[in-house]
Protein chains: 2
Amino acid sequence: MIDTRARRREAKREQILAAAWTLAHRDGLGGISLRELADLVDLRQPSLYAYFESKHALYDAMFEAGNRALVERTRALKPTEDARDAVVDLTRMLLEFVTEDVVRYVLMFQRQIPGFEPSPNSYAAALEFYELVRSKLSAAGVSAQRDIDLFTTLVAGLADQQTANDPGGDRWAGLTDRVLAMFFAEIDSKPTKRKGAR
Amino acid sequence: MIDTRARRREAKREQILAAAWTLAHRDGLGGISLRELADLVDLRQPSLYAYFESKHALYDAMFEAGNRALVERTRALKPTEDARDAVVDLTRMLLEFVTEDVVRYVLMFQRQIPGFEPSPNSYAAALEFYELVRSKLSAAGVSAQRDIDLFTTLVAGLADQQTANDPGGDRWAGLTDRVLAMFFAEIDSKPTKRKGAR
DNA sequence: GTCTATACATCGATAGAC
DNA sequence: GTCTATCGATGTATAGAC
């Protein structure tokens, strides 16, 4: 049956992707060898091309998987009464997401693979996440672009320092609440005119 | 004379380093090809090993040069009356340093070369810079480790976002003053006991 | 789809002659 | 110090049998 064939193919694709993550964790993102990857899934190297048309396509699939996981995780956050609590929960979750798999973080948020650009399809997943963030920020009274940029600065700084200087620990992640309190104090001290304001 | 020989050797080393920066700017850090590098300085590829024992040793020399330049730039900052102004000047200079040469920034502050660890000698230059930062922060009333970590978070965030999302521009660098004002407001709101306090 | 076999270009690195 | 020659590995890709 055609369905069986398609399902087997999809299963093999998933198997290849899982093996790719394994290799990436061991040797780094750039250290994935297609010959070794093929070995891990009982294929010969040229046969990988039946599933991914290039190594970049493999990275692209990994990039998409990472972003879909992040979107899912974001959607699974419990609703909060206060909109700012939602931003706190989001940020905590993001730091956790980032520290639990540094390689995935690097693939998604650092430009480390030379020449790799996400396909429009994969990038859509990334955009979906950013939209969720924007929406939560907006509900918390943060909608000016420069205020959003300030927020991304803080989160990027926490994630960068945490993964680079204390992987596995929480030296910087532990600053999350303090950083956000500081952020909202700054926002409140310079209120921005909003659409609904009189 | 022995001096002449040593000087010629040092000059060739510098020539190789300069060519390496040229290639890195064109092709990225990882894109440096030893064969092309040798061509640029009129050598054959294996002869480079008379000057650098490996490609990592070349990166190490570049890492050290970058850090020495940063230390020099920091020492050249004009003294200020107010200690917090010195931190502002330092941060502005750092953002400028980072944006004027993104490749150098990546080499110095991101872990992008697989397996590259600075030698103790090169790392000493990096430590020298951190000591200067610590000293300026301390003079400005920031000496608790968690407060220093907060500062590094902010600077890392600005540098990361600026270089990654707006290279050549100043979308995030332009937030520097606001970020530092926010930082010092936070510091003042939670004063830390200091050695000299009564 | 998967295989064998092969090819090409590139890479960092090393041996050994001079 | 510099060279030629070479090694072993990589990613990429294709041809052609089954």
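Naming: A, B, ... by sequence-line order, numbering from 1 per chain.
Across all strands shown, B:I32 has heavy atoms under 4.0 Å from sugar-phosphate atoms exclusively, and none from any base. Within 4.0 Å of B:L37, counting heavy atoms only, lies no atom of the nucleic acid at all.
Between A:Y59 and A:H56, the ring planes lie perpendicular to each other; the angle is over 60°, past the 30° to 60° tilted range.
Nearest heavy-atom pair, A:A24 versus A:M62, reported as atom, atom and distance to 0.1 Å: CB-CE, 4.4 Å.
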Requested in this report: Could you go through the side-chain contact (heavy atoms from CB on, under 4.5 Å) check for A:R134 and A:I148 one step at a time?
Outcome: CA-CA 8 Å; A:R134 246 181 38 78; A:I148 299 175; 4.1 Å; yes

Query raised in the report: Between B:M108 and B:R104, is a side-chain contact (heavy atoms from CB on, under 4.5 Å) present by the stated rule, with each step listed?
Result: CA-CA 6 Å; B:M108 291 171 65; B:R104 183 178 57 184; 3.7 Å; yes

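In the model, A:T99 has no side-chain atom that pairs as donor or acceptor with a side-chain atom of A:Q162 under 3.5 Å.
In this structure, A:F116 atom CZ and D:dG11 atom C1' are separated by 17 Å, rounded to whole Å. Rounded to a whole Å, the CZ atom of A:F52 is 16 Å from the C1' atom of D:dT12. The distance from atom CZ of A:R13 to atom C1' of C:dG1 is 15 Å, rounded to the nearest whole Å. At whole-Å resolution of the value, CG in A:D39 and C1' in D:dA9 are 14 Å apart. Per the geometry, CG belonging to B:L58 stands 10 Å off P belonging to C:dG12, to the nearest Å. Summarising the geometry, the separation between CD on A:E36 and P on D:dT12 is reported as 15 Å, rounded to the nearest angstrom. Atoms OH (B:Y59) and C1' (C:dG12) sit 11 Å apart, rounded to a whole Å. A straight line from CG of B:D27 to C1' of C:dC11 spans 14 Å, rounded to a whole angstrom.
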**Report entry** Protein proximity profile, nucleotides 13-18 of chain C - base contact B, sugar-phosphate-only contact S, no contact -, cut-off 4.0 Å on heavy atoms
**Finding:** BB----

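Checking side-chain atoms of B:R13 against main-chain N and O of B:Y51 turns up a donor-acceptor pair under 3.5 Å. For the pair B:T91 (side chain) and B:V87 (backbone), a donor-acceptor distance under 3.5 Å is present.
Taking the salt bridge (Lys or Arg N to Asp or Glu O under 4.0 Å) definition, one finds that B:E72 meets it with nothing, sequence neighbours left out.
Of the two residues near DNA chain D, B:Y51 and A:S33, the one whose nearest nucleotide lies more 5' is B:Y51.
A:R178 forms no cation-pi arrangement with A:F183, by the criterion of a distance under 6.0 Å to the ring centre and an angle within 45° of the ring axis.
At the phosphate of C:dT2, neither OP1 nor OP2 sits under 4.0 Å from any side-chain N or O atom of A:R44. Considering only side-chain N and O atoms, A:S47 lies under 4.0 angstrom from the phosphate OP1 or OP2 of C:dC3.
Defining each end axis of the helix from C:dG1-D:dC18 to C:dC18-D:dG1 as the rotation carrying four pairs' C1' atoms onto the next four, with five pairs an end, the two axes are found to diverge by 10° to 10 degrees.
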